[in-house]
Amino acid sequence: MADALSIDALTAGYRDTVVLERVSLTVGSEAALAVLGRNGVGKTTLLMTIMGLTTRVCGTISCGETDITTLDTHARAKLGLGLVPQEREIFPSLTVDENLRVGARPGDWTRQRVYDLFPRLFERRRNYGNQLSGGEQQMLAVGRALAGNPKLLLLDEPFEGLAPVIIDGLAAALDRLRHESRIATILVEQQVGIALELTDTAVVLDKGQIVWRGTSSDLAADEASLATLVGLQ
């Protein structure tokens, strides 16, 4: 089975500013990858580049067996890439149910299945996006991406700004997603412990380059590397 994503020697950024330099990585089918590093090292830029939202200098990106290097964002989404952006970007003037209908594509992830994963969204299905708490908005952002039936889900700091009890619930839902679905995931997250618990493999970025790669369990056990590369004490 082809990898969900393959990146080879990718250099990219914003116009004339290079952020990523010769990044290469793969995400196996149905696998989960954590992308870690200090602030400003290129983690979000990597996700934006996968979605075709930055300036590519060189390198290639493949989704499954399809080269998507030069495709626009809409075409990448149709091929199975789904993004949960850091800003959530739900539609505030639409209800929860309407948000889930927007961009929905045929597949296993129906609205009912999203509601099963996030029962709180079912309870709030008639509320508008601007009537939701931060945690509910994050659930909706994830649910909306799932309603598009992606093959690869990109999550950009989904736990940022959430209360601990909400983080626990969202992490449990993502863990369930990991074990019960056939979707591969890339998780960018500052909360390293949670990120490593929810993934199989990890890479650490520094100054736009990969400086560590391996299994999530190995990195979790390597306190010296975590302190040096991610800044944990």
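Note that the coordinates shown come from a computational prediction; the quantities given were computed from them, not determined experimentally.
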Quiz: residues 202-213 side-chain donor-acceptor pairs under 3.5 angstrom, not counting sequence neighbours:
unit_1, atom_1, unit_2, atom_2, d
R213, NH1, S24, O, 3.0
R213, NH2, S24, O, 2.9

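- Judged by distance alone, the side chain of K43 and the main-chain N or O of D156 form no donor-acceptor pair under 3.5 Å.
- By the side chain to side chain contact (heavy atoms under 4.5 Å, CB included) test, A220 pairs with L196, sequence neighbours left out.
- Considering only residues two or more places apart in sequence or on other chains, S181 meets the side chain to side chain contact (heavy atoms under 4.5 Å, CB included) condition with W109, R113, L177, I183.
- Applying the side-chain hydrogen bond (donor to acceptor under 3.5 Å, both in side chains) criterion to R105, with sequence neighbours excluded, gives no partner residue.
- No donor-acceptor contact under 3.5 angstrom links the side chains of N99 and Y128, judged on distance only.
- Screening residues 55-74 for salt bridge (Lys or Arg N to Asp or Glu O under 4.0 Å), with sequence neighbours left out, gives no hits.
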Scan the side chains in residues 81-91 for donor-acceptor partners under 3.5 Å anywhere in the protein, sequence neighbours excluded, and list what turns up.
unit_1, atom_1, unit_2, atom_2, d
Q86, NE2, E160, OE1, 2.8
R88, NH1, G134, O, 3.4
R88, NH2, E160, O, 3.4

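- The side-chain contact (heavy atoms from CB on, under 4.5 Å) with I186 is formed by just one residue from the set L46, L153, L154, L155; it is L154.
- For N130 and Q137, the side-chain atoms include no donor-acceptor pair closer than 3.5 Å.
- Residue pairs satisfying the side chain to side chain donor-acceptor pair (under 3.5 Å) criterion with at least one member in residues 6-16, sequence neighbours excluded, are listed as follows: Y14-T45.
- Residue pairs meeting the ring pair (Phe, Tyr, Trp, His ring centres under 6.0 Å) criterion with at least one member in residues 36-80: none, sequence neighbours excluded.
- Residues passing the side chain to side chain contact (heavy atoms under 4.5 Å, CB included) test with A173 are L117, F118, sequence neighbours excluded.
- Here salt bridge (Lys or Arg N to Asp or Glu O under 4.0 Å) pairs that include residues 128-146, with residues two or more places apart or in two chains, are R120-E136, R124-E136.
- Pairs of residues two or more places apart, or lying in two chains, that qualify as side chain to side chain donor-acceptor pair (under 3.5 Å) and include a residue from residues 191-203 are R178-D200, T199-S216.
- In this view, D222 and S225 satisfy the side-chain hydrogen bond (donor to acceptor under 3.5 Å, both in side chains) rule, not counting sequence neighbours.
- At distances below 3.5 Å, at least one donor-acceptor pair connects side-chain atoms of R76 with backbone N or O atoms of L71.
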